[in-house]
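Only one structure is covered here, and it is reproduced in the block below.
First listed ligand is number 1; within each ligand, the first listed atom is number 1. This chain uses plain numbering: 1 for the first residue, then up along the sequence.
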Amino acid sequence: MTNIAFIGLGNMGGPMAANLVKAGHAVTGVDLSDAAKEALVSVGGSVANTAYEAAQIADVVVTMLPAGPHVEAVYADVMTTAKPGTLFIDSSTIDVPTARNVIAKAEEAGFYMVDAPVSGGTAAAEAGTLTFMTGGTSTAFEKAEPYLDIMGKNVFHAGDAGNGQVAKVANNMLLAISMIGTAEAFNLAEKLGLDAQTFFDISSTASGQCWSMTSYCPAPGPVPTAPANKDYAPGFAAAMMLKDLRLALDAAKTAGAAIPLGAQSSALYTLMESAGKDDLDFSAIIKLISGDL
Ligand code: NAD
């Protein structure tokens, strides 16, 4: 049994912390929301008022926070109180420079740390089937792996500090591009008189096939489990996708990488945001494209 401090018990962090409890660990949760803390207590965890307090007794600290500034602030507190040699796992999706800076500070101060953002939404967090993309030293990765294995199904070591965030941002940019492409294709086919199911049957076995089509089709009908059949309730909200695309834009600027389609995707999801529809699933981009939003 390990003493784990879990900071950020939101939509993702709540079920991830619950899985660590189920695996027999002593999890102390921290969140700004009382309801989130109560949910952890109801599955057998305990709570503390601050990250500072929770980190004092922890062997492992896991964070699942909204963005880079939250991660920076929480670890500034945690590092003043955690025992030397404590392992830090940040699973939030944040910008690459912040991930690298916080890990460098942690290592200088005698801690082990990995960035370990996830792919898979709340259902995967609940089922313990997340994919972890992990950056950090081999030693830190080996220390983190047993805990990541509890919360996830596929655990990758992507290389040095920050490389987990690099994998995440590049993957999600590709997902946005493929979703928009799929939405354009279904809209074009329909406008030309070809129904969604027939186009799906053909394209899903032809060269247009991709995950956005066969697992998450943006047109209602062909994939029964897709958000398109539930009025585009997320799933993965367009606002979240836009957050990741903005991280991709910033990262591309820093690296001098051309991402013309990533930039266009960000512009299209910004239109969903301006229309006040970014709480819909990201596959609802088909409604923007078809003029239905
Ligand atoms: P969320 O907003 O539901 O949860 C974040 C939690 O952090 C909230 O409960 C908030 O109260 C808490 N928090 C904020 N500042 C805090 C602080 N200083 N101390 C303690 N708690 C604090 O968000 P989420 O959906 O759980 O996402 C968390 C991270 O995971 C984000 O970086 C997101 O981009 C990423 N992510 C989300 C999904 C998804 O489908 N929801 C999928 C993959 C990755």
Side-chain angles (χ1 to χ4, degrees), residues 4-19 27-41 45 47-55 58 61-81 88-96 98-99 102 115-134 148 151-154 164-165 167-173 175-176 179 216 227 232-248 250-251 269 278-283:
I4 301 176
F6 203 114
I7 323 295
L9 304 168
N11 293 324
M12 296 293 287
M16 289 164 71
N19 282 332
V27 180
T28 304
V30 178
D31 199 283
L32 307 177
S33 142
D34 287 338
K37 291 200 281 190
E38 280 156 24
L40 182 64
V41 170
V47 291
N49 286 325
T50 60
Y52 181 89
E53 208 182 294
V61 176
V62 186
T63 43
M64 194 52 169
L65 294 160
H70 307 87
V71 171
E72 229 165 8
V74 163
Y75 280 105
D77 279 352
V78 163
M79 282 187 222
T80 60
T81 180
F88 302 158
I89 301 173
D90 179 38
S91 281
S92 327
T93 302
I94 66 168
D95 58 288
V96 176
T98 300
V102 175
D115 57 300
V118 303
S119 171
T122 51
E126 272 158 34
T129 56
L130 292 164
T131 293
F132 283 93
M133 299 160 245
T134 317
L148 303 180
M151 299 182 282
K153 193 169 72 168
N154 298 307
Q165 300 294 351
K168 167 81 184 170
V169 92
N171 178 72
N172 275 25
M173 183 183 77
L175 174 61
M179 179 54 75
Y216 216 89
Y232 298 94
F236 185 52
M240 290 270 192
M241 177 54 91
L242 185 54
K243 172 195 163 184
D244 292 352
L245 286 167
R246 286 175 174 155
L247 290 174
D250 288 347
Y269 280 103
D278 58 340
D279 55 338
L280 294 178
D281 186 78
F282 81 111
S283 59

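- In this structure the side chain of Val47 reaches within 4.5 angstrom of the side chain of Val41, judged on heavy atoms.
- A 4.5 Å side-chain heavy-atom check between Thr28 and Ile4 finds every atom pair outside the cut-off.
- Of the residues Ile7, Leu65, Thr98, the one that meets the side chain to side chain contact (heavy atoms under 4.5 Å, CB included) test with His70 is Leu65.
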Give one line per pair: atom of ligand 1, protein atom, distance. Only N/O to N/O under 3.5 Å.
| from | atom 1 | to | atom 2 | distance (Å) |
| --- | --- | --- | --- | --- |
| ligand 1 | 3 (O) | Asn11 | N | 2.9 |
| ligand 1 | 3 (O) | Asn11 | ND2 | 3.2 |
| ligand 1 | 9 (O) | Asp31 | OD1 | 3.1 |
| ligand 1 | 9 (O) | Asp31 | OD2 | 2.7 |
| ligand 1 | 11 (O) | Asp31 | OD1 | 2.6 |
| ligand 1 | 26 (O) | Asn11 | N | 3.3 |
| ligand 1 | 26 (O) | Met12 | N | 2.9 |
| ligand 1 | 32 (O) | Leu65 | O | 2.9 |
| ligand 1 | 32 (O) | Pro66 | O | 3.1 |
| ligand 1 | 32 (O) | Thr93 | N | 3.0 |
| ligand 1 | 32 (O) | Lys243 | NZ | 2.9 |
| ligand 1 | 34 (O) | Lys243 | NZ | 2.8 |

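- For the residue pair Asp90/Thr63, the side-chain donor-acceptor check at 3.5 Å is satisfied.
- Residues passing the side-chain hydrogen bond (donor to acceptor under 3.5 Å, both in side chains) test with Tyr269, sequence neighbours excluded: none.
- Aromatic ring orientation, Tyr216 versus Phe282: tilted (interplanar angle from 30° to 60°).
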